[in-house]
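Single-structure report; data block below.
Since this is a predicted model, take the numbers as computed values, not measurements.
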Amino acid sequence: MRPLIVALALALTVPALPASAAPAESGQGVSDSRHRVRDLRDLAHKNGIRIGSAVDVAALRSESDYRHVLNREFTHLTAENAMKWESVEPERGVFTWDDADAVVANARRHGQKVRGHTLIWHNQLPAWLTEGVADGSIGPAELRTILRDHIRVQVGRYKGKIRAWDVANEIVDDEGNLRQSIWLEHLGPGYIADAFRWARQADPHAKLYLNDYNIEWNRAKIDRYLALVKELKAQRVPIDGMGFQGHLGIQYDYPGDWANVMRSFADLGLEIAVTEMDVRMVLPVTPEKLATQAEYYSRALADCLSVKSCREFTVWGFTDRHSWVPGWFEGEGAACILDEDLRPKPAYHALLATRRR
């Protein structure tokens, strides 16, 4: 059964955020003037946490309103696609850093930190790599060298400019097994430890993370990751953090044990981050659905704030104008905290009203 919907009368249309990001109105933000929160940056500073967003680089370059809200609201940025392998090395030995550089440069201009996403994944690999492995022209020894060089080059380029790297992304499947990929098939499970060690050599100060979806609730994945972290630490592999993607939908129950799951990883000495938060719904949008969405966002932030080592809460895009959801989930959308016109939704105000427990 779905959790109770917040008992607030919420209109579909809410006023646009003023350029000055005035304090939230009573009932939308914290009403006590001593704790009044102006915007998400203010919320981040008051709670000692980084609040971030994934960045659409095309929008960053071409949409001034998008750029203005991004830099006003957020203290942390993640390149949504610009740092993935197919983006930075579409041809072997030919690097295209412009988009990734744009995210890093924007962050440095606006006092934001950056999450590098991602060094190893089974998706969005360049064709020259996957085709070479498939036809046998790239064998296991060469593949290991290619992976090592990729990590050294990319992490080295941004040494001192990236707060945290998603070193290994989605490497466990929904049944709790190491995911079948070109890395596991041709290099064996040792590729994971190798990747973390190479990343640490390239930037000794960046936090190095595992990152995955459904570990908010999927017990098989949770247990496999807990075991993996213990294995890596026993081998003295430099792993610093666990990233919870947080792709939720209001048609499903909220993962009520999420805070305890975070603590189980924190107890192993890891930093915790919510890395890709969004809350989708089956369309059309209704006030009731927006209220449930607001509840989910607020509960997720509250869960993070309840765990001392949870240091980052990042949304996977802040506006429905550029959300990935409609392209992946037919008939679903409206997953972000601002609508397509950059007007704040109830979820935005719910975040502003969330306090550390």
Side-chain angles (χ1 to χ4, degrees), residues 40 43-44 47 49-56 70 73-84 100 103-104 107 112-124 155 158 162-172 179 195-196 199 206-218 221-222 225 228-229 239-249 255 258-259 261-266 268 270-280 296-297 299-307 309-318 322-325 328 335-337 347 351:
L40 294 176
L43 180 69
N47 285 282
I49 191 172
R50 299 171 182 90
I51 295 183
S53 177
V55 179
D56 182 303
L70 176 75
E73 295 288 332
F74 298 102
T75 64
H76 209 277
L77 304 182
T78 302
E80 187 171 5
N81 290 300
M83 292 186 182
K84 292 172 181 173
V103 174
V104 173
Q112 297 155 322
K113 300 296 184 180
V114 179
R115 171 173 290 274
H117 178 80
T118 174
L119 296 176
I120 300 177
W121 195 23
H122 61 281
N123 280 331
Q124 291 184 246
V155 177
Y158 298 109
I162 300 287
R163 187 192 77 82
W165 276 104
D166 291 330
V167 175
N169 190 50
E170 301 176 5
I171 59 171
V172 172
R179 184 180 296 279
F196 276 89
K207 298 290 186 180
L208 306 181
Y209 269 71
L210 292 164
N211 188 57
D212 213 326
Y213 64 91
N214 287 355
I215 51 171
E216 304 83 22
W217 58 269
N218 182 320
K221 292 188 79 165
I222 293 166
Y225 269 115
L228 177 60
V229 170
I239 177 172
D240 303 308
M242 189 73 222
F244 294 78
Q245 291 184 9
H247 295 298
L248 306 182
W258 193 358
V261 176
M262 291 183 190
R263 290 188 189 95
S264 67
F265 285 93
L268 297 179
L270 297 185
E271 180 178 289
I272 305 300
V274 178
T275 57
E276 304 182 20
M277 185 76 199
D278 52 26
V279 183
R280 65 189 185 272
Y296 279 33
Y297 268 106
R299 289 181 69 178
L301 178 57
D303 282 345
C304 176
L305 292 175
S306 74
V307 179
S309 61
C310 189
R311 307 292 173 80
E312 176 193 338
F313 184 88
T314 287
V315 295
W316 204 241
F318 61 89
H322 297 297
S323 172
W324 71 292
V325 169
W328 284 87
C336 300
I337 60 175
L351 289 176

Option among T78, D212, N211, T314 that satisfies the side chain to side chain donor-acceptor pair (under 3.5 Å) test with T275: N211
Whether R179 side chain and E170 backbone form a donor-acceptor pair below 3.5 Å: yes
Exercise: identify the closest heavy-atom pair between I222 and F265: O-CZ, 3.8 Å
Heavy-atom pair with the smallest gap, counting every atom of C310 and M262: SG-SD, 4.4 Å
Trace of the side-chain contact (heavy atoms from CB on, under 4.5 Å) decision for Q112 with V114: CA-CA 7 Å; Q112 297 155 322; V114 179; 5.9 Å; no
Test side-chain contact (heavy atoms from CB on, under 4.5 Å) applied to L208 and I239, step by step: CA-CA 5 Å; L208 306 181; I239 177 172; 5.8 Å; no
Y209 vs L270 side-chain heavy atoms within contact, under 4.5 Å: no
Minimum heavy-atom distance A259-D303, with the two atoms named: CB-OD1, 3.7 Å
Residue pair V104 / M83, side-chain heavy-atom distance below 4.5 Å: yes
Expected output: side-chain E73 to main-chain L40 donor-acceptor under 3.5 Å: yes
side-chain contact (heavy atoms from CB on, under 4.5 Å) evaluation trace for L268 with M242: CA-CA 10 Å; L268 297 179; M242 189 73 222; over 6 Å; no
Min side-chain heavy-atom separation L70-L77 under 4.5 Å: yes
Check: S306/R263 side-chain N/O donor and acceptor closer than 3.5 Å: yes
Atom pair SG (C336) and CH2 (W324), whose distance is rounded to the nearest 0.5 Å: 10.5 Å
Stepwise side-chain contact (heavy atoms from CB on, under 4.5 Å) test for W258 and V274: CA-CA 11 Å; W258 193 358; V274 178; 4.0 Å; yes
Y225 side chain near I171 side chain, heavy-atom distance below 4.5 Å: yes
Heavy-atom side-chain contact between N47 and L301 under 4.5 Å: no
NZ on K113 to CZ on R311, rounded to 0.5 Å: 13.5 Å
Least distance between heavy atoms, W121 atom then T118 atom: CB-CG2, 3.9 Å
Shortest non-hydrogen contact between A266 and V307, atoms and distance: CB-CG1, 4.3 Å
Gap separating the CH2 atom of W165 from the CG atom of L119, nearest 0.5 angstrom: 5.0 Å
Whether over 12 other heavy atoms sit under 6.0 Å from K221 NZ: yes
Validation row: I51, F74 side chains within 4.5 angstrom (heavy atoms): yes
Spatial distance of atom SG (C304) from atom CD1 (I49) [nearest 0.5 Å]: 3.5 Å
Heavy-atom side-chain contact between P255 and L248 under 4.5 Å: yes
Q245 vs D166 side-chain heavy atoms within contact, under 4.5 Å: no
From L210 atom CG to F244 atom CZ, the distance as rounded to the nearest 0.5 Å: 10.5 Å
Salt-bridge criterion met for K207 and E312 (N-O under 4.0 Å): no
Gap separating the CZ atom of F313 from the CD1 atom of I272, nearest 0.5 angstrom: 14.5 Å
Short side-chain to backbone donor-acceptor contact, H247 and E276, under 3.5 Å: yes
is_close_aromatic(W316, H117), centroid dist under 6.0 Å: yes
